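Not measured: the values here are computed from a predicted model. Hydrogens, waters and symmetry mates are skipped; everything else that's a heavy atom, side chains included, is used. Throughout, protein chains are lettered first and strands after them, A, B, ... in sequence-line order, and every chain is numbered starting at 1.
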2 protein chains.
Amino acid sequence: MAQEAVSEKAGAPVSDADRVADRLRQAIVAGEFAPRQRLIESDLIEMFGASRGAVRSALAVLAVEGLVERIRNRGARVRAVDLEEALEIVEIRAALESLCARRAAERVDEEGASRLRGIAEVMRRAVGEHDAEGYSEANRALHQAVLDISGARVAPDIVSRLRAQNVRYRIRLAMQPHRPAESLPEHLEIVEAICAQDPGRAAEAMQAHLRSVHRATKEYFTEARG
Amino acid sequence: MAQEAVSEKAGAPVSDADRVADRLRQAIVAGEFAPRQRLIESDLIEMFGASRGAVRSALAVLAVEGLVERIRNRGARVRAVDLEEALEIVEIRAALESLCARRAAERVDEEGASRLRGIAEVMRRAVGEHDAEGYSEANRALHQAVLDISGARVAPDIVSRLRAQNVRYRIRLAMQPHRPAESLPEHLEIVEAICAQDPGRAAEAMQAHLRSVHRATKEYFTEARG
DNA sequence: GTGAACAACATTGTTTACAATAATGCTTGC
DNA sequence: GCAAGCATTATTGTAAACAATGTTGTTCAC
């Protein structure tokens with residue numbers, strides 16, 4: 001009997017539908033499709049060289065993930081995330097990622113610690129050189145590393161999906177001139193706490209960091225936009 | 001332009017694929033399909049009177065939700081949830097539901113309070129009459145009420161999906177003779193804290209309750225099964 | 001009797017064509 | 001000039017056929 005655990009996350013795409021879903025997800029997260037933009041099936045077929053059924057399954061999947069919305073007989077479009085929802089997502093991430101940070105501190109080994117320290121070094125350099133793009137990428141890498149090191153199986157999936165939903169906000173956040181310098185010490189504290197194998201401190205550090213993200217997001221969108 | 005917000009959750013099913021997904025999800029959660037049971041497309045077509053494409057999209061959706069797993073050219077089957085994962089799910093629910101309990105305490109109105117008190121009354125009666133089935137249903141209703149009253153939009157969706165995944169464990173838990181009497185005071189504390197509009201107390205009460213669920217789940221499956 | 005090669009079957013993956021629905025633009029009457 | 005009704009077009013929803021793959025059972029050599 002085939003007893004090997006088959007994860008639909010980890011493994012290679014299983015069908016054309018999965019490939020289309022992956023590429024379309026990436027495109028939406030990267031901002032290649034604007035919020036509320038219509039996603040015409042025939043366009044996607046041509047764009048991805050896939051069949052109708054594959055595209056439709058992919059759209060169904062992305063609808064569940066909250067990246068697109070579908071209306072009967074009117075097709076699919078990129079779902080827009082409003083401020084209220086973006087803030088709630090940050091709150092949820094705070095709860096889940098602090099849980100993962102705690103577990104990461106409990107389980108971290110030398111390999112994980114050096115991975116974290118490496119990312120911390122990249123962050124310090126990026127702040128020094130005012131490299132917003134590099135800092136943003138290191139930020140993503142750090143959060144992902146914590147999820148990986150935690151060894152959790154469910155929470156990382158959920159967090160990944162949530163991140164995909166408010167990545168558009170975060171990108172802008174990291175592009176704020178003062179923001180990297182502001183969040184750097186928070187990130188360093190997370191790394192130190194996990195490397196020190198202090199679960200409580202790691203959880204608190206992650207929560208504090210995401211409280212800061214929450215506040216910054218709120219301020220940016222209530223001040224700059226009204 | 002059509003500006004109305006269309007939620008794929010709240011609204012009626014949008015296509016045959018959604019209808020199939022809903023019914024299949026319900027059947028899996030209700031235990032009509034056993035874990036690891038194969039889900040043959042032709043069977044589902046006959047069972048639900050839907051087309052091939054609808055069934056395949058539904059399977060893709062349920063795979064994302066974690067209820068089924070698919071292997072290329074070998075089809076889909078009901079995914080089995082092991083103890084480790086069930087425990088992690090309870091941990092995540094603790095984090096998310098305590099967050100919702102906090103918000104519920106902040107926002108609760110008279111209607112919500114009486115809804116909670118009504119459920120509490122049903123729970124007391126069920127324990128008195130040793131009505132395990134009734135208690136289990138009231139338990140579900142209470143957790144759902146907290147999510148509803150919280151007014152949150154994202155967390156309830158996630159929690160619902162997580163509950164769907166470990167409902168098989170929870171059912172057995174509520175059927176343990178001593179379990180309802182054990183969890184009743186925890187549930188009553190949640191209700192009281194929210195009705196008293198005490199956010200911190202509500203969050204702590206929910207967390208304490210799910211810690212208890214976590215411990216009970218662990219004990220049940222390590223003692224009874226080995 | 002056992003194991004390997006092979007053939008028949010079951011099932012899934014993909015493509016195509018057809019039907020139904022909503023959006024769009026045009027005509028016509030006023 | 002404008003609005004209502006109608007025809008057209010664009011797009012999605014559904015169904016059926018075809019191809020590819022994995023599984024199972026059988027045969028045959030040893």
Kindly write out the residues that satisfy side-chain hydrogen bond (donor to acceptor under 3.5 Å, both in side chains) with [X], not counting sequence neighbours, or none if the list is empty.
X      : answer
A:Q207 : none
B:S98  : none
A:E88  : none
B:D148 : B:R115, B:Q144

Using a cut-off of 4.0 Å on non-hydrogen atoms, how would the nucleic acid contact of B:L59 be classed: base, sugar-phosphate, or nothing?
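Nothing: the residue B:L59, judged by heavy atoms under 4.0 Å, touches no strand.
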Just how large is the angle between the end axes of the helix from C:dG1-D:dC30 to C:dC30-D:dG1, five pairs per end, to 10 degrees?
10°
Has B:R74 got a side-chain N or O lying under 4.0 Å from the OP1 or OP2 atom of D:dT23?
yes
Check whether any side-chain nitrogen or oxygen of A:R70 sits under 4.0 Å from OP1 or OP2 of D:dG13, and answer yes or no.
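True: A:R70 side-chain N/O within range (under 4.0 Å) of D:dG13 OP1/OP2.
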On DNA chain C, compare the nucleotides closest to A:A17 and A:R38; which residue's is nearer the 5' end?
A:A17
Which pairs of donor and acceptor atoms, one on a side chain in residues 48-62 of chain A, lie under 3.5 Å apart (sequence neighbours left out)?
{"residue": "A:S51", "atom": "OG", "partner": "A:A54", "partner atom": "N", "Å": "3.4"}
{"residue": "A:R52", "atom": "NE", "partner": "A:E41", "partner atom": "OE1", "Å": "2.7"}
{"residue": "A:R52", "atom": "NH2", "partner": "A:E41", "partner atom": "OE1", "Å": "2.9"}
{"residue": "A:R56", "atom": "NH1", "partner": "A:E41", "partner atom": "OE2", "Å": "2.7"}
{"residue": "A:S57", "atom": "OG", "partner": "B:S57", "partner atom": "OG", "Å": "3.2"}

Do [X] and [Y] make a side-chain contact, defined as non-hydrogen atoms from C-beta onward lying under 4.5 Å apart?
X      : Y      : answer
B:H209 : B:H143 : yes
B:R215 : B:S212 : yes
A:Q26  : A:E32  : no

Return the value, rounded to whole Å, for the distance between atom [atom1] of [X] and atom [atom2] of [N].
X     : N      : atom1 : atom2 : value
B:I71 : C:dG13 : CD1   : P     : 11 Å
A:E41 : C:dA19 : CD    : P     : 18 Å
B:R77 : C:dT12 : CZ    : C1'   : 15 Å
A:L39 : D:dT11 : CG    : C1'   : 13 Å
A:Q37 : D:dT11 : CD    : P     : 13 Å
A:N73 : D:dT12 : CG    : C1'   : 6 Å
B:D18 : D:dT12 : CG    : P     : 15 Å
B:R72 : C:dG13 : CZ    : P     : 7 Å

Non-neighbouring partners of [X] that pass side chain to side chain contact (heavy atoms under 4.5 Å, CB included), sequence neighbours left out:
X      : answer
B:A141 : B:I119
A:A216 : A:L173, A:R179
B:V108 : B:A113, B:I149, B:I194, B:Q197
B:I40  : B:R38, B:S42, B:D43

Looking at DNA chain C, which of residues 45-56 of chain B put a heavy atom within less than 4.0 Å of it?
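Heavy-atom cutoff 4.0 Å gives B:R52, B:R56.
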Short N/O separations, protein against nucleotides 5-10 of chain D, under 3.5 angstrom:
none

